[in-house]
Amino acid sequence: MDQIKVTLKGGVEKTYTKGVTLIEIAGDISRKLSKEAVAAKVDGVIKDIGSKLYDDCQVEILTFDDEEGRKVFWHSTSHVMAQAVKRLFPEVKLAIGPAIDEGFYYDFDREESFSTSELEKIEKEMARIIAEDYAFCREDVPRKEALDDLQKHDEPYKVELVQDLPEDAHISFYRQGEFMDLCAGPHIPSTGRIKAFKLTSLAGAYWRGDEHNKMLQRIYGISFPKKPMLDEYMTRMEEAKKRDHRKLGKELDLFSIHEEGPGFPFFHPKGMVLWNLLTDFWRKEHQKRGYQEIKTPIILNEELWRRSGHWEHYKENMYFTKIDEMDYAVKPMNCPGGILMYKTDSHSYRDLPIRLGELGIVHRHELSGVLHGLMRVRCFTQDDAHIFMMPSQIEDEIIGVIDLVDYFYKIFGFEYNVELSTRPEDSMGSDELWEQATSALQKALEKKGMPYKINEGDGAFYGPKIDFHLKDSLGRTWQCGTIQLDFQMPERFDLTYIGADGEKHRPVMIHRVIFGSIERFIGILIEHFAGAFPVWLAPVQARVLPISEKHMDYACKVKKRLEDAGIRVELDERNEKIGYKIREAQMQKLPYMLIVGDKEAGDNTVSVRVREKGDVGQKSIEEFIEDIKSLTSKFN
RNA sequence: GCUGAUGUGGCUCAGGGGUAGAGCAGCGCACUCGUAAUGCGCAGGUCGCCGGUUCAAAUCCGGCCAUCAGCUCCA
């Protein structure tokens, strides 16, 4: 009888009879694992747990604890949902139903939209399917047969999917009970493994993500192998919602957005403190790195935008206006202004690189459905800079910006991921220059050893870009920093510098932002800290809380002393009990509360209550000032 | 822009064809208080906007606007 050698995850080698199944191997490792296994990786390929092995291989058993295991689990749940929908609404056409980062969805085509009560019915039917505990069975089918079958069942979207598969592709179906779905798999052993699930939302989604296609109905859900995990998930979602910058922005009185100006945020005094702290820090760090600051106008003649290519490639996003019968545009980007400034003088190669920074206010017409608090607005301030340089300086400059982004994000404790966005369809310039620019960015990333993902076709219309993405409280990612390499604008505007040879040469441009938009960055910041900003960023660093009205004079004195020391301090003058004032300060997430009563007034001290720790005892006023200074000095 | 949901005092929300309700916040008064809500009182709303049905609309219907989730699009 033939034996095969199986190498397990830890490097352990075991021998099994040919034809052994993965679930048998899991059972051999431990009983627990055989119960929890949802799939397995064989030589790096994910397989059904019931698959048989005939050759020597490496095996890794996957459970719900593995990301890939979770995806299999969720994908299987989407099949269960599709089965339930088909049972209840046989006329519905199936599109696709993949797992996503957290959960799964399935897209359905149905004339009427699903109602909340219908979702509940679907959930009940899913529970029934799970109780019936059908096994997931794989069936490999020849292409022709698959097509005939899907046509017979009138599943036009599935037919389209099969037609798009290469001629020689393996086509497989998975069956559970009476339901069968085109699917590459793999799947969990049976529907009974799903112990808890919930359909979370309903939304429209275009077939194949193309807005020219029909809009389908997408039902989102989540599922787990153990019931308490669902409760944990729901609690986590609730917690995440509490960090929402739109909610906290209101509660902490940082900003507001009104019906009168959708997408045009108003910054309140406390929000402006945060804003100014960020821009002060930005200016200081940029000065150190050889940047000069400029300011260019918000409205410029339309002719400029035609020359820059914005008219042709970006006008859908632009606002236009007339001045004295002439056409003008509100700037959606700062680059043409920066370019005009470069052109006001001639430049020697000795001056390069020239780094011109600008906190530029730009307006963009975003579709109404995409506006989102401070994260996606129609007017925002970019911490922009344009670097004009010789081709030989490209790599150093890109690396300089990458380092700067990393330096900034680390200050705030942000983790980020990097994408390289390549040439979009609607763009200008020769393939050759695009190729050159893209590989320059790529080279810089590789030199930094920075992991990145390629985002095909997502570059700016004038050049490829490196994007830095940050996560919000719900795990949605937002592009913040970006570095764009541009050979086109210098060409269009006939930018030159005089080289060592005395001849005119063409400079290259980098467009870059670090925060991205100050608005968006503040949004991210609010969610990251859940509104509890570190002392250096807190709009109010300390609040003086007098025990009773008797202590008001001393409290004023303390406040004055702290103000003089440059600390952002407030005094709670209301005639309330100390517990009440503490509660309020705590809910406003102020880092320090300074309680003053008879004791403190007597010996010139304050009782310090720290946001995270509670009462830490009495300190002299000077000592408290020193404490704050030592925490904030490196940012000022 | 598309699909679905939502829109009631500053905030959170209840109500639902017969002249608007709570809690918190605000204001006033009393208490002068030691580490997460003192008590009493007062004031505050054309129920998103416009139109229709009706003797009567916050409530039913239609349109629009905004918000939320997602799609598409992007810092």
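Chain letters run A, B, ... following the sequence lines, proteins first and then strands; every chain starts at 1.
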* **side chain to side chain contact (heavy atoms under 4.5 Å, CB included) partners of A:R246, counting only residues at least two apart** => A:D244, A:H372, A:R476
* **Residues forming a side chain to side chain contact (heavy atoms under 4.5 Å, CB included) with A:V608, sequence neighbours excluded** => A:Y592, A:L594, A:V606, A:V610, A:V616, A:K619, A:F624
* Classify the nucleic acid contact of A:R520 as base, sugar-phosphate or nothing, counting any heavy atom under 4.0 Å across all strands shown. => base
* Asked: Base, sugar-phosphate, or nothing for A:L367, non-hydrogen atoms under 4.0 angstrom?
  -> base
Has the side chain of [X] got a donor or acceptor that lies under 3.5 Å from a partner of the other kind on the base of [N]?
X: A:Y206; N: B:rG1; answer: yes
X: A:Q217; N: B:rU3; answer: no
X: A:E600; N: B:rG34; answer: yes
X: A:N575; N: B:rC33; answer: yes

* Asked: Taking only side-chain nitrogens and oxygens of A:R246, does any of them come within less than 4.0 Å of OP1 or OP2 of B:rC11?
  -> no
* Asked: Is any side-chain nitrogen or oxygen of A:H372 closer than 4.0 Å to OP1 or OP2 of B:rG70?
  -> no
Ring geometry between [Y] and [X] (parallel below 30°, tilted from 30 to 60°, perpendicular above 60°):
X: A:F108; Y: A:Y106; value: parallel
X: A:Y462; Y: A:H511; value: parallel
X: A:F515; Y: A:F521; value: tilted
X: A:W207; Y: A:Y157; value: perpendicular

Minimum-distance nucleotide (side-chain atoms of [X] versus [options]):
X: A:E259; options: B:rA66, B:rC33, B:rU35; value: B:rA66
X: A:I547; options: B:rA75, B:rG34, B:rU12; value: B:rG34
X: A:L202; options: B:rG34, B:rA69, B:rG4; value: B:rG4
X: A:R376; options: B:rA69, B:rC74, B:rC71; value: B:rC74
X: A:Y580; options: B:rA37, B:rA69, B:rC74; value: B:rA37
X: A:K250; options: B:rC33, B:rG70, B:rU12; value: B:rU12
X: A:V370; options: B:rA75, B:rU35, B:rG1; value: B:rG1

* By centroid distance (under 5.5 Å) and plane angle (under 30°), are A:F380 and B:rA75 in a stacked arrangement? -> yes
* Could you give the distance separating B:rG63 and B:rG23 at their C1' atoms, to the nearest angstrom? => 36 Å
* Asked: B:rG10 and B:rG18: how far apart are their C1' atoms, nearest whole angstrom?
  -> 30 Å
* Structure fact -> Walking RNA chain B from its 5' end, the first of A:G261 and A:H365 to be reached, judged by nearest nucleotide, is A:H365
* Going through the distances and angles, do A:R110 and A:E91 end up as a salt bridge (Lys or Arg N to Asp or Glu O under 4.0 Å)? -> CA-CA 7 Å; A:R110 179 189 183 219; A:E91 77 285 2; 3.7 Å; yes
* Kindly express the pairing pattern of RNA chain B in dot-bracket notation, using | wherever a base pairs with another strand and counting only Watson-Crick or G-U pairs under 3.5 Å. => (((((((..((((....[..)))).(((((.......))))).....(((((..]....))))))))))))....
* Kindly say whether the aromatic ring centers of A:F224 and A:Y233 come within a distance under 6.0 Å. => yes
